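Since we're looking at a predicted model, the values are computed, not measured. Letters go in sequence order (proteins before strands), and every chain restarts at 1.
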Amino acid sequence: MALLGPTAAGKTETSVRLAEHFQGEIFSVDSMQVYRGMDIGTAKPTMLERRGIPHHLIDVADPGEEFSVARFRRLGRELLAESTASVVIVTGGSGLHFRALVDPLSFAPTDPDLRSELEATESDALVEELLHFDPSARTIVDLANQRRVVRAVEIYRLTGETPSSRAGTAVAEDVRRYVPEIEFTAVGVDPGGALEERVDLRLARMRASGLIDEVRSLSPVIGRNARNAVGYKEILEALSGGVSFDEAFVRAATNTKKLARKQRTWFQRDPRIRWIPWFDDPDQRLRRILEAFD
RNA sequence: GGUCAGGUAGCUCAGUCGGUAGAGCGCCGGUCUGAAAAACCGGAGGUCGACGGAUCGACGCCGUCCCUGACCA
């Protein structure tokens, strides 16, 4: 089963209670909780909060690494295959990571050298190359998005596959139709308008718990991906003297709310998620979620 | 009280020689297959401090007033 929704929706606590109820184990689908040491700012559940429930896909990479979705999928599938848990509870707010885990997404290979070569290439030239080997790529790839164009050309040079050929496969069609590879039932939770104050409150708690020190100690080793995490990027900016810590937290608050909206638009189009009405009381929330899973 | 600078989108500010306004951020919405808490796309929003004046025409010129900041008394 899956428990999804935007950040600060109380998923963590609820998922632990669900796991206790079903004797299950938790698989996190969170793009930033994968990094070791990024604890406070990612709202990673502490050992105490986990209450003995096994949590997977958390702390599986160093903050200096670039832990891609493809790696996330590979590792997640491995761990799922090995798992002996009677019930698996998938929870988190990273939509693509969720789909990578349960849906038939097949990631084409990558090559760091080729990648950096393409990234250094004039974007018009890349678009020209792309449209040359696949004229109808225009309708599939966002040509204004440099990263997408680079990736499409990279895949072509590495495998000969074009955006059209990849989009035309049966699995690609299944992905579009939300046909899962691993069956599940999913429930969505969303505090709606109450989310803003939950975010403000949570950030204040993070600050009180030492988020600034956490970021400071991570700053020498944090990598390109991890440093983009909301809360971290703003405080890193403050640490390098750009802005005050107060300002950093104000920005972190708006960016967290922005993130929540993006997470919503991602999950909202997934027809498999059943959204339940929000209850502020955790007990009531759990009860409604259990009903929904019945 | 005086001098100077300034009052333009929610915020910070652009606006060439007068032809009724733009950007970044925010806000709203969308896309999404190896950076996804990323990257990208679209949209809404302004009686240009107020009132008067000269002009075919003013955010822009002239006058008065209001507000803000700095400095001088």
Side-chain angles (χ1 to χ4, degrees), chain A residues 6-8 28-35 38 41-44 61 63-76 92-112 114-116 118-119 123 127 138-155 158-159 161-169 171-176 178 181 196 199 202-203 206 215 222-236 243 247 250-270:
Chain A
T7 189
S28 156
V29 283
D30 187 299
S31 64
M32 292 300 167
Q33 289 186 3
V34 298
Y35 294 109
M38 295 175 65
T42 64
K44 193 182 288 175
E65 292 182 73
E66 293 187 3
F67 196 81
S68 66
V69 210
R71 273 184 68 188
F72 184 88
R73 176 183 157 95
R74 262 200 309 277
L75 178 62
S94 300
L96 180 60
H97 293 248
F98 172 65
R99 296 208 70 187
L101 190 63
V102 301
D103 287 332
L105 268 61
S106 61
F107 294 97
T110 187
D111 179 83
L114 176 57
R115 178 72 70 91
S116 49
L118 294 175
E119 276 167 356
S123 121
V127 170
R138 187 184 295 282
T139 61
I140 302 168
V141 179
D142 179 2
L143 299 183
N145 193 334
Q146 168 92 259
R147 284 190 197 171
R148 298 272 161 78
V149 175
V150 165
R151 179 67 181 140
V153 174
E154 179 188 24
I155 292 173
L158 253 28
T159 68
E161 290 182 278
T162 65
S164 296
S165 68
R166 286 177 59 77
T169 63
V171 279
E173 179 58 18
D174 282 347
V175 170
R176 279 193 292 276
Y178 290 90
E181 202 164 43
E196 296 212 358
V199 166
R202 193 173 73 170
L203 268 171
M206 287 176 174
V215 178
I222 194 165
R224 190 180 65 167
N225 292 5
R227 71 183 313 118
N228 275 320
V230 174
Y232 294 81
K233 73 171 158 240
E234 297 84 358
I235 292 172
L236 283 167
V243 294
E247 176 60 22
V250 168
R251 291 183 189 184
T254 60
N255 287 333
T256 305
K257 292 163 194 171
K258 196 155 72 171
L259 165 65
R261 283 195 301 274
K262 275 162 61 179
Q263 292 173 313
R264 278 175 182 147
T265 57
W266 182 280
F267 286 130
Q268 268 164 13
R269 36 188 314 231
D270 193 327

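The separation of B/A36 from B/C17, taken at their P atoms, amounts to 49 Å, rounded to a whole angstrom. For B/G19 and B/A38, the P atoms lie 42 Å apart once the distance is rounded to whole Å. Atom name C1', nucleotides B/G46 and B/A9: the rounded distance is 5 Å, in whole Å. Taking the P atom of each, B/G30 and B/A14 are spaced 35 Å apart, rounded to whole Å. Only the C1' atoms considered, B/A21 is 16 Å distant from B/G57, to the nearest whole Å. B/C11 and B/U16 have their C1' atoms separated by 26 Å, with the value rounded to a whole Å. Rounded to the nearest Å, the gap between the C1' atom of B/G45 and that of B/A50 is 23 Å. B/G2 and B/C65 have their P atoms separated by 9 Å, with the value rounded to a whole Å.
When heavy atoms are screened at a 4.0 angstrom cut-off, A/Ala100 is found touching no nucleic acid atom at all. A/Glu65 comes within 4.0 angstrom of nothing in the nucleic acid, heavy atoms only. Base contact: A/Ser106 has a heavy atom under 4.0 Å from a base atom. Base contact: A/Asp30 has a heavy atom under 4.0 Å from a base atom. Nucleic acid contact for A/Thr256: none, since no nucleic acid atom lies under 4.0 Å from a heavy atom of the residue.
At the phosphate of B/A36, OP1 or OP2 sits under 4.0 Å from a side-chain N or O atom of A/Asn225. Taking only side-chain nitrogens and oxygens, A/Arg151 comes nearer than 4.0 Å to OP1 or OP2 of B/G34.
The salt bridge (charged side-chain N to carboxylate O under 4.0 Å, His left out) check on A/Lys44 picks up A/Asp39, A/Asp59, with sequence neighbours excluded. Residues that satisfy the side chain to side chain contact (heavy atoms under 4.5 Å, CB included) test with A/Leu96, not counting sequence neighbours, are A/Val69, A/Leu105, A/Trp266. The salt bridge (charged side-chain N to carboxylate O under 4.0 Å, His left out) test applied to A/Glu119 returns no partner, not counting sequence neighbours. Listed by chain and number, the residues in a salt bridge (charged side-chain N to carboxylate O under 4.0 Å, His left out) with A/Asp270 are A/Arg272 (sequence neighbours excluded). In this structure A/Gln146 satisfies the side chain to side chain contact (heavy atoms under 4.5 Å, CB included) test together with A/Ser123, A/Leu126, A/Val150, sequence neighbours excluded. By the salt bridge (charged side-chain N to carboxylate O under 4.0 Å, His left out) test, A/Glu154 is found to be paired with A/Arg115, A/Arg151, residues two or more places apart in sequence or in another chain being considered. Under the side-chain hydrogen bond (donor to acceptor under 3.5 Å, both in side chains) criterion, A/Thr256 pairs with no residue, sequence neighbours left out. Partners of A/Phe72 by ring-ring contact (aromatic ring centres under 6.0 Å, His included), not counting sequence neighbours, listed by chain and number: A/His97. Looking at residues two or more places apart in sequence or on another chain, you find a side chain to side chain contact (heavy atoms under 4.5 Å, CB included) between A/Lys258 and A/Asn255, A/Arg261.
When the C1' atom of B/U33 is taken as reference, atom CZ of A/Arg74 falls 13 Å away, rounded to whole Å. Computed from coordinates, the A/Leu96 CG to B/G34 P distance equals 8 Å when rounded to whole Å. Rounding to whole angstrom units, CZ of residue A/Phe67 and P of B/A35 are separated by 13 Å. The distance between atom OH of A/Tyr35 and atom P of B/A38, rounded to the nearest whole Å, is 12 Å. Whole-Å rounding puts the A/Phe72 CZ to B/A35 C1' distance at 15 Å. Atom C1' of nucleotide B/U33 and atom NE2 of A/His97 are separated by 12 Å, given to the nearest angstrom. What separates CD of A/Glu66 from C1' of B/A36 is a distance of 13 Å, to the nearest Å. The CD-C1' distance, from A/Gln33 to B/A36, rounds to 15 Å in whole Å.
Side-chain contact between A/Val149 and A/Asn145: absent, with no pair of heavy atoms (C-beta onward) separated by less than 4.5 Å. A 4.5 Å side-chain heavy-atom check between A/Asn225 and A/Tyr35 finds at least one atom pair inside the cut-off. By the 4.5 Å heavy-atom criterion applied to side chains, A/Val29 and A/Val102 are not counted as neighbours.
Heavy-atom nearest nucleotides on RNA chain B were determined for A/Tyr232 and for A/Glu154, and the one closer to the 5' end corresponds to A/Glu154. Looking at which nucleotide of RNA chain B each of A/Ala172 and A/Val230 is closest to, the 5′-most match is held by A/Ala172.
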Under 4.0 Å protein heavy-atom contacts per nucleotide of nucleotides 22-31 of chain B, with B for base, S for backbone only and - for none: ----SSSSSS
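Between the OG1 atom of A/Thr110 and the CG atom of A/Leu158 there is a distance of 7.0 Å, given to the nearest 0.5 Å.
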Protein-nucleotides 9-12 of chain B N/O pairs under 3.5 Å:
none

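Stacking of A/Arg71 on the aromatic ring of A/Phe107 is not recorded, the 6.0 Å distance cut-off and the 45° axial limit not both being met.
With a 3.5 Å limit on both pairing distances and Watson-Crick or G-U wobble geometry required, the stems of 3 or more pairs in RNA chain B span B:1-7 with B:66-72, B:10-13 with B:22-25, B:27-31 with B:39-43, B:49-53 with B:61-65.
Comparing B/A35, B/A36, B/C40 by their closest approach to the side chain of A/Ala144 singles out B/C40.
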